[in-house]
Amino acid sequence: MALIVQKFGGTSVANTEKILSAARRAIREVKNGNQVVMVVSAMGKSTDHLIELAREISDRPNSREMDMLLSTGEQVTVALMAIALESLGHKAISFTAAQIGIKTDNSFNKARIRSISTERMRDALKEGKIVIAAGFQGIDDDFNITTLGRGGSDTTAVALAAALRADVCDIFTDVDGVYTTDPRIVPEARRVSCISYDEMLELASMGAGVMHSRSIEFAKKFGVPVHVRSSFSDNPGTVIGPDPESRDVPVCGAALAKNEARITVVEVPDEPGVAMNLFSRIAEAKIPTDMIAQNASTKGRTDISFTVPGEDFVVAQDIVKKVAGELGASGVEYNENVSKVSIVGLGMVHQTGVARKMFHALSEHGINIEMITTSDIKISALVERNDAIQALRAVHEAFELDRDPASRTNIYNSPNQKSAKAEDNSEEEDKEQVSAELVSRLAGMEEILIEKVDLDQSQARFTFANVPDEPGLAAAVFDKIAQANIVVDMIVQSVGRNNLANISFTVPRDELDAVNKLAKDVASTWKCDILQNPMVAKLSVRGTGLRSHTGLASRMFRTLSSNSINVSIICTSERCVSVIVNDEAGEKSFSLSVSEFAEEML
């Protein structure tokens with residue numbers, strides 16, 4: 001007998017006919033000999049309607065009372081679902097989150113789950129009942145009703161599956177799986193049969209739309225298989241689990257975060273404590289920062305650029321203005337009309353030339369790149385919002401994402417077998433650690449999980465400074481590098497000012513001579529300056545929940561700055577925060593970071 005958690009979103013329970021249809025799906029599983037827990041959202045647009053009612057009364061309604069109000073939508077649905085199941089001849093019982101015992105912190109509108117009591121649900125299941133749980137909500141220590149924020153019902157479903165040790169969590173929605181990109185923007189997008197947790201985390205954080213990143217964090221931490229399926233058909237859907245669809249191609253999908261805002265703190269002193277002061281203040285306001293790009297300094301000063309969700313821009317802007325003055329920055333620049341286009345794939349570590357392919361695709365469509373950040377499985381470019389849709393379509397076409405992986409042409413350089421082997425081994429180690437230690441960790445369920453702190457002292461850093469900021473810049477630079485089959489790790493392009501930009505990247509030290517020759521050619525063509533450090537250390541903190549826990553990056557920066565260790569380059573993603581420090585500070589930085597994150601590490 002399997003235990004299955006089924007989640008039905010708002011469109012899947014939008015009216016009584018659809019509620020009855022969802023009820024029949026649950027009964028079908030019971031007749032197959034399985035136990036079923038259903039998690040349901042509010043019907044259709046009822047949550048939006050409740051928000052509109054509140055705003056008719058107040059422009060800034062009290063957060064606690066908003067949670068009290070919004071939680072009623074799910075309470076209506078659970079009761080109707082129980083009535084539907086009983087009308088179809090099956091025993092059922094509905095529960096609010098408080099009745100189950102979903103305990104959260106007291107962050108109204110975006111609460112985090114701390115623990116779940118399973119006793120009442122298990123008793124009901126033993127009695128042969130289908131359990132219906134209200135999604136999106138919890139209760140804090142003072143018995144206040146809380147809500148989990150955007151994507152909250154997904155988070156509830158996967159959290160219950162983790163707590164109950166369910167065999168699978170089925171997410172029923174109005175699409176029939178996870179696609180290579182949003183099919184509403186790119187009709188050629190292809191449904192993938194399976195996708196890894198890490199790939200889905202990166203895509204979910206960038207607006208892939210099918211599931212929210214917090215639910216995938218749960219799934220990865222607790223090893224919950226997630227099956228995204230259509231509520232309206234029996235198509236096979238997409239399985240989210242430990243393995244990708246293919247390791248032979250570098251890119252599994254592309255995503256667009258359309259409503260982004262970029263903030264740049266201009267010419268701050270390049271010294272310990274600057275990044276810590278800035279990002280700790282932003283973290284205190286619980287504002288998630290996404291792309292963080294600090295480029296190499298010139299004349300003792302550097303720019304720090306980062307993006308925030310559009311809805312957080314006004315608050316972030318006020319904070320940054322105050323901090324910039326305290327830091328002695330020469331100014332602050334903003335752009336509220338930018339979007340982030342990204343490509344994601346575990347196979348990137350196996351291939352060189354992936355960045356070049358992406359930058360070429362954008363250049364060929366005349367799209368200028370404002371910022372670049374990279375991780376081991378993601379490359380992101382910030383573009384003007386007017387170019388966003390064209391940019392997404394361009395990279396989707398360039399990587400042939402409409403085609404099955406086995407049929408794609410060989411558009412990359414030869415595989416980097418050394419990197420591939422190292423990544424595979426580390427993944428296996430991570431899986432063993434997770435399976436051995438995490439399944440019993442149900443207190444503080446949404447805490448950060450640090451999987452690894454890494455130190456790489458084999459790299460050198462190059463910067464092309466004061467390069468003309470125009471379409472084709474990144475493509476031209478990385479064309480030459482890819483043609484020489486040089487493996488590039490971190491890539492950071494800062495925001496162009498006065499029509500000039502900086503591009504920094506790291507390469508293996510044994511490639512130093514080859515890169516120097518290429519750098520001279522690039523500098524001659526683009527009339528730019530070359531800055532380099534032949535011996536740097538790359539410190540990386542990798543884990544799950546890094547972006548949704550807004551304070552991790554600032555903790556890392558605080559730890560280093562309090563020990564007078566300066567950070568010269570910053571690069572972030574959903575799963576990783578990486579910084580470049582001087583080589584002589586590498587081992588100390590590593591030791592300090594391991595100590596700082598010891599409680600969150602496996």
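Note that the structure is a prediction, hence the values are computed from the model and not measured.
In this structure, the side chain of Arg122 engages the main chain of Leu164 through a donor-acceptor pair within 3.5 Å. Side chain of Thr180 to main chain of Arg190: a donor-acceptor pair is present (N/O by atom type, distance under 3.5 Å, no hydrogens or angles). Side-chain atoms of Ser407 do not come within 3.5 Å of backbone N or O of Arg403 as any donor-acceptor pair. Listed for the Arg542 side chain is no donor-acceptor partner under 3.5 Å among the backbone atoms of Ile450. No donor-acceptor distance shorter than 3.5 angstrom exists from the side chain of Asp167 to the backbone of Ala2, with no hydrogens or angles considered. The backbone N or O of Val344 lies less than 3.5 Å from no partner atom in the side chain of Glu199, so there is not a single donor-acceptor pair. Proximity of a side-chain donor or acceptor of Glu260 to a complementary backbone N or O of Thr307 within less than 3.5 Å is not detected. A donor-acceptor distance shorter than 3.5 angstrom exists from the side chain of Arg214 to the backbone of Leu148, with no hydrogens or angles considered. Proximity of a side-chain donor or acceptor of Ser196 to a complementary backbone N or O of Asp243 within less than 3.5 Å is not detected. The backbone N or O of Ile379 lies less than 3.5 Å from no partner atom in the side chain of Thr374, so there is not a single donor-acceptor pair.
Side-chain contact, Thr238 with His227: no donor N or O sits under 3.5 Å from an acceptor N or O. There is no side-chain donor-acceptor pair under 3.5 Å between Glu74 and Thr77. Checked by atom type, the side-chain pair Asp67/Asn109 shows a donor-acceptor distance below 3.5 Å. Side-chain N/O atoms of Asn34 and Glu29 include a donor and acceptor closer than 3.5 Å. Defined by atom type and a distance below 3.5 Å, a donor-acceptor pair is missing between the side-chain atoms of Thr147 and Gln137.
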Practice task
Would you please test Val239 and Val226 for side-chain contact (heavy atoms from CB on, under 4.5 Å) and show each step?
Solution key: CA-CA 6 Å; Val239 175; Val226 177; over 6 Å; no
Problem - Ile240/Tyr197 under side-chain contact (heavy atoms from CB on, under 4.5 Å): CA gap, chis, key distance, verdict - result: CA-CA 6 Å; Ile240 304 171; Tyr197 293 128; 3.8 Å; yes
Practice task
Determine, step by step, whether Ile343 and Lys357 satisfy the side-chain contact (heavy atoms from CB on, under 4.5 Å) criterion, reporting the C-alpha distance in whole Å, the side-chain angles of both residues, the deciding distance to 0.1 Å, and the verdict.
Solution key: CA-CA 11 Å; Ile343 54 173; Lys357 190 72 181 176; over 6 Å; no
Exercise for the section: Please test Thr104 against Thr146 for side-chain hydrogen bond (donor to acceptor under 3.5 Å, both in side chains), starting from the C-alpha separation and ending with a verdict. Expected result: CA-CA 7 Å; Thr104 73; Thr146 58; 2.8 Å; yes
Exercise for the section: Step by step, work out the side-chain contact (heavy atoms from CB on, under 4.5 Å) result for Ile195 and Glu245. Expected result: CA-CA 5 Å; Ile195 189 168; Glu245 186 177 44; over 6 Å; no
Tabulate below the donor-acceptor pairs under 3.5 Å that side-chain atoms of residues 45-52 make, not counting sequence neighbours, or state none.
unit_1: Ser46; atom_1: OG; unit_2: Met43; atom_2: N; d: 3.4
unit_1: Ser46; atom_1: OG; unit_2: Met43; atom_2: O; d: 2.8

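Heavy-atom contacts from other residues, nucleotides or ligands closer than 6.0 Å to CD of Glu397 number 12 or fewer. Annotation: Glu311, atom CD; neighbour count of heavy atoms from other residues, nucleotides and ligands within 6.0 Å is above 12. For Arg28, the CZ atom is densely surrounded, since the number of other residues' heavy atoms within 6.0 Å is greater than 12. Other residues, nucleotides and ligands place no more than 12 heavy atoms under 6.0 Å from the CD atom of Gln75.
Between Glu600 and Arg555, at least one side-chain nitrogen of the basic residue sits less than 4.0 Å from a carboxylate oxygen of the acidic one, meeting the salt-bridge criterion. The pair Asp140-Lys103 does not count as a salt bridge, with every side-chain nitrogen at least 4.0 angstrom from each carboxylate oxygen. Checked for salt-bridge contact, Arg229 and Asp170 meet the test: a charged N lies under 4.0 Å from a carboxylate O. Ion pairing between Arg575 and Asp376 holds under the 4.0 Å rule for side-chain N and carboxylate O. Ion pair Asp105/Arg114 not flagged as a salt bridge, since none of the NZ, NE, NH1 or NH2 atoms sits closer than 4.0 Å to an Asp/Glu carboxylate oxygen.
Using a 4.5 Å cut-off on side-chain heavy atoms (C-beta onward), Thr155 and Phe136 make no contact. Side-chain contact between Ile171 and Asp154 is present, with at least one heavy-atom pair separated by less than 4.5 Å. Leu256 is not listed as a side-chain neighbour of Lys340, based on a closest heavy-atom distance of 4.5 Å or more. Considering only heavy atoms from C-beta on, Lys18 stays 4.5 Å or farther from Phe8 through its side chain. At least one side-chain heavy atom of Ile116 sits under 4.5 Å from a side-chain heavy atom of Met121. Using a 4.5 Å heavy-atom threshold, the side chains of Lys7 and Ser153 count as touching. Counting heavy atoms from C-beta outward, Val541 and Lys452 have side chains that stay 4.5 Å or more apart. Side-chain contact check for Ile377 versus Glu202: some heavy-atom pair is nearer than 4.5 Å.
To the nearest 0.5 Å, atoms CG (Asn144) and CD1 (Ile139) are separated by 7.5 Å. Here NZ of Lys129 is found 10.0 Å from CD1 of Ile132. Values are rounded to the nearest 0.5 Å. How far NZ of Lys378 is from OG of Ser342: 5.0 Å, rounded to the nearest 0.5 Å. Here the NZ-CZ distance, from Lys110 to Arg112, works out to 9.5 Å after rounding to the nearest 0.5 Å. Taking CD1 of Ile100 as the reference point, atom OG of Ser94 lies at 9.5 Å (rounded to 0.5 Å). Here the straight-line distance linking atom CD1 of Ile145 with atom CE of Met66 works out to 13.5 Å at 0.5 Å rounding.
Residues passing the salt bridge (charged side-chain N to carboxylate O under 4.0 Å, His left out) test with Arg25 are Asp234, sequence neighbours excluded.
The cationic atom of Lys221 (NZ for Lys, CZ for Arg) lies less than 6.0 Å from the six-membered ring centre of Phe218 and within 45° of the ring axis.
Taking both residues in full, the closest heavy atoms of Glu65 and Asn62 are given as N-OD1, 3.1 Å, listed atom of the first, atom of the second, then distance. Residue Ala157 comes nearest to Val39 through the heavy atom pair CA-CG2, 3.8 Å, listed as atom of the first residue, atom of the second, then distance. When all heavy atoms of Pro250 and Val354 are compared, the pair lying nearest together is CB-CG2, 3.8 Å. Closest approach of Phe313 and Ala261 over heavy atoms only: CD1-CB, 3.5 Å. The two residues Ala26 and Met38 make their nearest non-hydrogen contact at CB-SD, 3.6 Å. The heavy-atom pair separating Phe172 from Ser230 by the smallest distance is CD2-O, 3.6 Å.
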